[in-house]
Amino acid sequence: MSKIKTAFFCSNCGYESTKWLGKCPSCQEWNTFVEEVIDKGKETGWKSYEPNHAPGKAIALQNVQVNEERRITTADAELNRVLGGGIVQGSIVLVAGEPGIGKSTLFLQHGLMMKDLVVLYVSGEESEQQIKMRADRLKIVNDNFYLLTETGTQQIFQEIKKLKPQLVIVDSIQTLQSSLIDSGAGSVSQIRECAAEFQRFAKQTNTPVFLIGHITKDGAIAGPKILEHMVDTVLQFEGDRHYAYRILRTLKNRFGSTAELGIYEMTGDGMRVVSNPSEILITQREDQLSGSAIAATMEGMRPLLIEVQALVTQSVYGTPQRTVSGFDLRRLQLLLAVLEKRGGFQFGTKDVFVNIAGGLKIEDPSIDLAVICALLSSYEDIPLSHQVCFAGEVGLNGEIRAVNRIEQRIAEAEKLGFEKIFVSRYNKKNFNTAAYKIEVVAVSRVDEVYKALF
Ligand code: TYD
Ligand code: MG
């Protein structure tokens with residue numbers, strides 16, 4: 001047996017060194033060096049499927065044969081959507097999410113729902129009993145669903161060879177361990193090696209593989225960013241643990257668009273698909289309270305109407321407070337500065353709180369106009385009609401800027417029974433407002449909106 005050779009790699013940028021370094025000379029990050037095996041000197045975990053590769057030969061692009069990629073359409077429309085139209089055969093998908101967000105629940109449920117496929121669910125985190133108890137809560141019966149509680153990849157592949165599953169779900173990649181690498185489970189080189197073994201397996205047997213991975217609080221896929229490059233698709237499962245809504249978002253997809261997302265609701269018996277999210281995210285209220293405005297936003301390719309709540313109160317301390325939930329704090333500060341400068345409102349002596357209903361995090365800048373209107377509504381203590389919604393980005397000069405996919409937003413607002421939508425004047429040029437039942441009000445400046453509403 002030959003000697004195992006190792007080298008040190010920066011886990012951030014991949015810089016290679018023969019010895020350990022505290023600071024990476026390439027990307028200047030500290031403590032990112034990890035030892036990795038470069039010559040294994042042993043059998044690899046999935047050797048028997050290694051193709052007999054002929055040396056690479058250049059080929060004219062025109063002569064390349066394309067086979068339409070085959071997809072498995074699942075029973076879950078949201079999963080199909082985020083994957084770009086179903087699971088591609090032989091694809092490897094990384095599902096990332098914070099601990100406790102519901103990844104295991106969602107993919108156990110997906111696995112159980114695929115009744116015509118032999119599914120193997122490999123768990124390194126929970127016992128068979130725990131998974132069985134969870135499956136009982138989900139109330140789905142499936143005879144083709146197999147469990148394996150094992151962390152060694154070599155043992156897992158032995159089982160896979162016997163069972164020949166048509167879909168493999170690994171929960172989680174951080175618990176796997178390949179005997180080819182000495183370091184413990186969860187280390188960068190382990191994660192990389194295990195993912196590489198599954199990648200080889202997926203490509204060579206044309207079996208789709210889902211790898212579940214934990215991410216750290218700040219959203220990085222724990223340790224290896226490298227993993228993102230190895231897989232075909234990266235899905236992120238996110239949401240606030242204290243709320244029921246969860247979003248499955250595509251971050252990377254070799255087989256489809258990255259603008260897709262699926263919305264789920266965590267219930268007592270599993271994840272429920274939310275097919276019309278807008279209806280739930282708007283609080284149904286009889287009495288009207290100040291400080292609330294509805295925004296017509298886009299999440300991925302879907303229009304989504306959500307409620308923005310603002311509270312503006314007299315500040316008790318010298319430094320006024322600005323607190324946000326689901327919205328960017330700097331963006332709020334910018335909008336307040338615009339209102340001060342262009343509208344003459346005295347927010348400098350007020351505490352300001354902004355909250356996006358439903359625990360969602362919105363990055364679409366078209367929410368600006370609704371935030372401004374919610375702020376003004378609370379400032380003046382005048383409620384806004386619940387029949388009105390807003391879609392517009394606010395610029396530094398107090399101008400309302402155009403937003404994309406305006407027709408889709410208007411159509412969604414109309415579908416939900418809104419009577420009026422405020423959009424940017426620069427948007428209005430491109431389409432015919434007469435086609436809608438809903439009244440489309442075009443505005444170009446913040447003070448114009450103020451005059452129209454209060
Ligand atoms: P889990 O799937 O274990 O999260 P992850 O794998 O991302 O760490 O889900 C954890 C939470 O989900 C747990 O707090 C209980 C809750 N849960 C429900 O609310 N309903 C259910 O049907 C199930 C199975 C779990
Ligand atoms: Mg889990």
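Just so we're clear, the structure is a prediction, and the values are computed from it rather than from any experiment. Position 1 is the first residue of the sequence; numbering continues from there.
A donor-acceptor pair shorter than 3.5 Å cannot be found between the side chains of E260 and T250. Counted by atom type alone, S366 and D364 present one or more donor-acceptor pairs between their side chains at under 3.5 Å. For T175 and E125, the side-chain atoms include no donor-acceptor pair closer than 3.5 Å.
Taking the six-membered ring for Trp, F210 and F198 have ring centres at least 6.0 Å apart.
Looking at Q154 and E197, their side chains come closer than 4.5 Å, going by heavy atoms from C-beta outward.
A salt bridge between D368 and R331 is present, with a side-chain N of the basic residue lying under 4.0 Å from a carboxylate O of the acidic one. Comment: K361 does not engage E238 in a salt bridge, judged by the lack of any side-chain N to carboxylate O separation of less than 4.0 angstrom.
One finds the CE atom of M114 at 4.0 Å from the CD1 atom of I87 (value rounded to the nearest 0.5 Å).
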Do E159 and K162 pass the salt bridge (charged side-chain N to carboxylate O under 4.0 Å, His left out) test, and can you show the C-alpha distance, the side-chain angles, and the key distance before you say yes or no? CA-CA 5 Å; E159 274 304 304; K162 275 187 242 153; 3.1 Å; yes
Chi angles and distances behind the side chain to side chain donor-acceptor pair (under 3.5 Å) call for T258, N253: CA-CA 6 Å; T258 50; N253 195 353; over 6 Å; no
Would R246 and E78 count as a salt bridge (charged side-chain N to carboxylate O under 4.0 Å, His left out) if you check the C-alpha gap in whole Å, the side-chain angles of each, and the deciding distance to 0.1 Å? CA-CA 12 Å; R246 302 280 186 275; E78 303 289 296; over 6 Å; no
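The shortest heavy-atom contact between D232 and S91 is OD2-CA, 3.2 Å.
Taking the six-membered ring where tryptophan is involved, the planes of F237 and Y264 are perpendicular, since the angle between them exceeds 60° and thus also 30°.
Under the side chain to side chain donor-acceptor pair (under 3.5 Å) criterion, K415 pairs with E412, sequence neighbours left out.
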